[in-house]
Amino acid sequence: MAQITNKILTLSLILVYASAQIQLNTSTENSVEKYLITSTEQLVVIGFEGQQEVRDYIFCRLKECVCEDMISIGQRSHPKLNQIQSTVNVECFDENKIQFERKENGYQPYVWNNKPQEVESRPYQSQKRITQANTVAYTDSDMTSSITVGSQLELKWKFNTDDTIEMCVCLNKKAWVGIGFGSGMNGVDMFAINIIDGAAELLDLYSTREDTPPTDATQDISLISSSITDSAVKARIKRKLNTGDSKDAVLAKGSTYTWSYASSSSLVMEDHKNNVGEFKITLSESGSQQVSQGYLLQLVFGLIALNLII
């Protein structure tokens, strides 16, 4: 009996998140954890309960049959690619089921939901992602105003007669990008554009501190169209100038604001380090503006993501 106990120790854990249609099954054998994820969502992020200073995550993209180990060091940092990849033997049965193995780390896994990390009991809530059908071709030829920020970012916009604004975000690289309707991270309305399975995904966010901003409880922004190439990301969005949501910035024609942006080399939100800046923008009805990289103010913008957006 002792020999059998020492040779094999198996523990099975089944976690079902019906609201998000995600099922996580894990088992442990000889200090190796085996994972089986069944999900209708194409990006699933696994975290581990109780980790503090150093936090492990597993980012799984089911359609691509890829799982990557991510790591976050420090309470205000966000996941970045772990140079030591522990996830092995990744296998997919179809676009909704993936399995893999990794060495046991002593912490219980959970499905990460893009919420502040100090909360230890995390009932899963599906990320509020905004996508658009592939039937709408991206165009920005009807935009009447624009601003160029440094060498990589350009914003274009126009005002509609129904008190809405349409904005095109153009990033000169294939990566995620976040825009903040304000300065810093405290009480700032934001949105981010991820690239999931080769398509744009929009997250409506609200940040309360220098940490991963959760999705806003009320989604008041729409993704109209997008274009993703190997060298650029373009997305056209629409929102009301005044949504009536206390967590959404009120925008007005002709007003000048301090906005912020962030990006990195990842396709989804992550720890972006110094790839961040502030810029002045005047929402004029016509004309172009330019902000050189040298005048951008560096700050901690604090965006990630998943998943999230998952």
Side-chain angles (χ1 to χ4, degrees), residues 77-81 130 132 138-158 165-185 188-196 198-205 207 210 212-213 221 223-239 249 256-284 287-306 308-309:
S77 66
H78 310 296
K80 60 182 179 180
L81 187 66
I130 304 169
Q132 45 89 205
Y138 173 85
T139 179
D140 56 23
S141 60
D142 57 331
M143 298 292 108
T144 60
S145 303
S146 67
I147 183 171
T148 301
V149 183
S151 60
Q152 291 190 326
L153 178 66
E154 183 178 18
L155 302 179
K156 303 177 182 180
W157 66 91
K158 73 169 186 176
I165 183 173
E166 292 187 45
M167 182 174 296
C168 294
V169 180
C170 307
L171 186 69
N172 292 331
K173 63 178 181 178
K174 188 177 181 180
W176 74 277
V177 60
I179 303 295
F181 295 122
S183 175
M185 292 289 293
V188 177
D189 180 21
M190 303 175 175
F191 70 86
I193 299 166
N194 288 336
I195 304 173
I196 303 294
E201 173 187 86
L202 177 65
L203 294 178
D204 187 359
L205 308 168
S207 175
E210 293 178 2
T212 305
I221 191 169
L223 180 61
I224 304 301
S225 61
S226 62
S227 172
I228 309 295
T229 67
D230 290 338
S231 59
V233 173
K234 298 179 180 180
R236 180 166 178 156
I237 65 171
K238 180 180 181 180
R239 57 158 283 180
T256 299
Y257 303 94
T258 298
W259 286 4
S260 47
Y261 80 96
S263 184
S264 70
S265 59
S266 175
L267 298 182
V268 296
M269 283 193 303
E270 67 164 8
D271 183 5
H272 45 73
K273 298 187 183 298
N274 293 324
N275 299 315
V276 59
E278 284 185 355
F279 58 95
K280 293 287 187 180
I281 180 173
T282 299
L283 292 181
S284 55
S288 60
Q289 306 162 50
Q290 186 167 355
V291 181
S292 67
Q293 190 71 29
Y295 287 101
L296 294 177
L297 302 176
Q298 299 304 306
L299 65 140
V300 180
F301 190 64
L303 291 174
I304 176 171
L306 240 351
L308 356 161
I309 33 22

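Side-chain atoms are counted along with the backbone in the values below, which use heavy atoms only and exclude waters and symmetry mates. Just so we're clear, the structure is a prediction, and the values are computed from it rather than from any experiment.
Residues A175 and V233 approach most closely at O-CG2, 3.6 Å, considering heavy atoms. In plain terms, the two heavy atoms of A200 and L223 that are nearest each other are O-CD2, 3.8 Å. Of all non-hydrogen atoms in L205 and A192, the two that sit nearest each other are CD1-CB, 3.9 Å.
Atom OG1 of T282 and atom CD of Q289 lie 5.0 Å apart (nearest 0.5 Å). The OG atom of S183 sits 13.5 Å away from the CH2 atom of W259 when rounded to the nearest 0.5 Å. Here L155 contributes atom CG and I281 contributes atom CD1; the two are 5.5 Å apart, rounded to the nearest 0.5 Å. We find the CG-CD1 distance between L283 and I165 to be 5.0 Å, quoted to the nearest 0.5 Å. The CD1 atom of I179 lies 7.5 Å from the OG atom of S260; values are rounded to the nearest 0.5 Å. One finds the CG atom of D142 at 7.0 Å from the SG atom of C168 (value rounded to the nearest 0.5 Å).
Panel note: side chain R236, backbone Y138; no donor-acceptor pair is recorded below 3.5 Å. A donor-acceptor pair under 3.5 Å is absent between the side-chain atoms of S264 and the main chain of W176, judged by distance alone. Not one N or O on the side chain of N194 forms a donor-acceptor pair closer than 3.5 Å with the backbone of L203. Side chain of K156 to backbone of E166: no donor-acceptor contact under 3.5 angstrom is found. Without hydrogens or angle criteria, W157 side chain to S284 main chain gives a donor-acceptor distance under 3.5 Å.
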Side chain to side chain contact (heavy atoms under 4.5 Å, CB included) assessment of K174 paired with I228: CA-CA 7 Å; K174 188 177 181 180; I228 309 295; 4.0 Å; yes
Residues D204, D189; criterion side chain to side chain contact (heavy atoms under 4.5 Å, CB included); working and verdict: CA-CA 8 Å; D204 187 359; D189 180 21; 3.9 Å; yes
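Cation-pi geometry between R239 and F181 is met: the NZ or CZ atom falls under 6.0 Å from the ring centre, inside 45° of the normal.
Within the 4.5 Å cutoff, side-chain heavy atoms of F191 are placed close to those of V169. You'll find the side chain of L267 stays beyond 4.5 Å of the side chain of I196, heavy atoms only.
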